[in-house]
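Keep in mind that this is a model prediction, so the values were computed, not measured.
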Amino acid sequence: MGIGLDAMTALSPTSDTRAGEVLRLRREISRMQRRRSEHTLLPLDPAFAALLPEEGLQTGTSYTVSPSPALALALLSAASGRGHWCAVIGMPTLGVEAAAAYGIDLSRLILVPDPGDRWLAATSALAEVVPLIVVQPTTRARDADVSRLSARLRDRGSTLLVAEEPGAGRWAQSEGTIRLHDPDWHGLGEGWGLLSECTVTVTARTRHSPRASSVRVRLPGGHGAVETAAAELTALPSLAPPSIDSTASAPSDLLFWAEAG
């Protein structure tokens, strides 16, 4: 197709050139001619399986998510691994090396780092053919524009993830929210070390399931992708005090815990 990584700078130029780039992007999209998706759900990484009741993202809808490049890549990874095209609009700090580490197929990834005030036009154009899109708006969208975009998502069976700060409210006609919070970075000691991985809580709510569901994951994990966080040891095992004449025969692991206090 020639529209994957080559689209990284598609809408980066300033002033009037943006309009021309949007038109060029539309022509490229028309060549792809994707028919409406027959899938009702897009898959999520197994680490996120417990977040949503259907264990996947509903097609033809939109979700409000935290404006985190790491969360965006984690939410795209499973769909990309199944061969779906994905797009990210308005996230200039998102890197292709990080995307590859999450298992995203770069040949089927469209990046529009800096669309300016044309972000809505770029999103509408891509919704014609791309099944899963992440967009970080740079301006507030009018309700009428959101309604038109939502109708296009339903018609084409595309799914939109709108990256907005919690204070910005919920995207109109949003199916639900997926938020990242309580980050805990690992790898630094007392004046030494490198940040290696981050453990976070991801919480989701939907219109049909307003009760929050949360998972604790490493984002990124040790290998760069999302990983389920292992349960942490919260208490030492309780040990009965040994009798005076049984200490010598106690198992070594029990003696270790006893000596550790």
Original post:
Is a salt bridge present between Asp145 and Arg148, judged by a nitrogen-to-oxygen distance below 4.0 Å?
Top reply: yes
Output yes when a side-chain donor or acceptor of [X] lies under 3.5 Å from a complementary backbone atom of [Y], and no otherwise.
X      : Y      : value
Arg205 : Thr177 : no
Arg156 : Gly60  : no
Ser124 : Leu149 : no
Thr64  : Trp171 : yes

Subject >> Worked verdict on Val217 versus Val200 for side chain to side chain contact (heavy atoms under 4.5 Å, CB included) >> reply: CA-CA 6 Å; Val217 296; Val200 300; 3.9 Å; yes
Subject >> Positive for side chain to side chain contact (heavy atoms under 4.5 Å, CB included) with Val88, one of Leu109, Ile104, Val112 >> reply: Leu109
Original post:
When Leu126 is tested against each of Val135, Leu160, Ile110 for side chain to side chain contact (heavy atoms under 4.5 Å, CB included), which residue passes?
Top reply: Ile110
List the atom of [X], the atom of [Y], and the distance in Å for their closest heavy-atom pair.
X      : Y      : value
Leu44  : Ala78  : C-CB, 3.4 Å
Leu106 : Val96  : CD2-O, 3.8 Å
Pro69  : Pro67  : CD-O, 3.8 Å
Arg218 : Ala229 : NH1-CA, 3.9 Å
Leu52  : Ala204 : CD2-CB, 3.9 Å

Check: [Y] and [X] side chains under 4.5 Å, non-hydrogen atoms:
X      : Y      : result
Arg207 : Glu175 : yes
Glu54  : Leu41  : yes
Tyr63  : Thr159 : yes

Original post:
How many angstroms lie between atom CG of Leu76 and atom CZ of Arg108, to the nearest 0.5 angstrom?
Top reply: 14.5 Å
Original post:
In Å and rounded to the nearest 0.5 Å, what is the SG to CG distance from Cys198 to Leu180?
Top reply: 7.5 Å
Original post:
Any luck finding a side-chain donor-acceptor pair between Ser62 and Gln173 under 3.5 Å?
Top reply: no
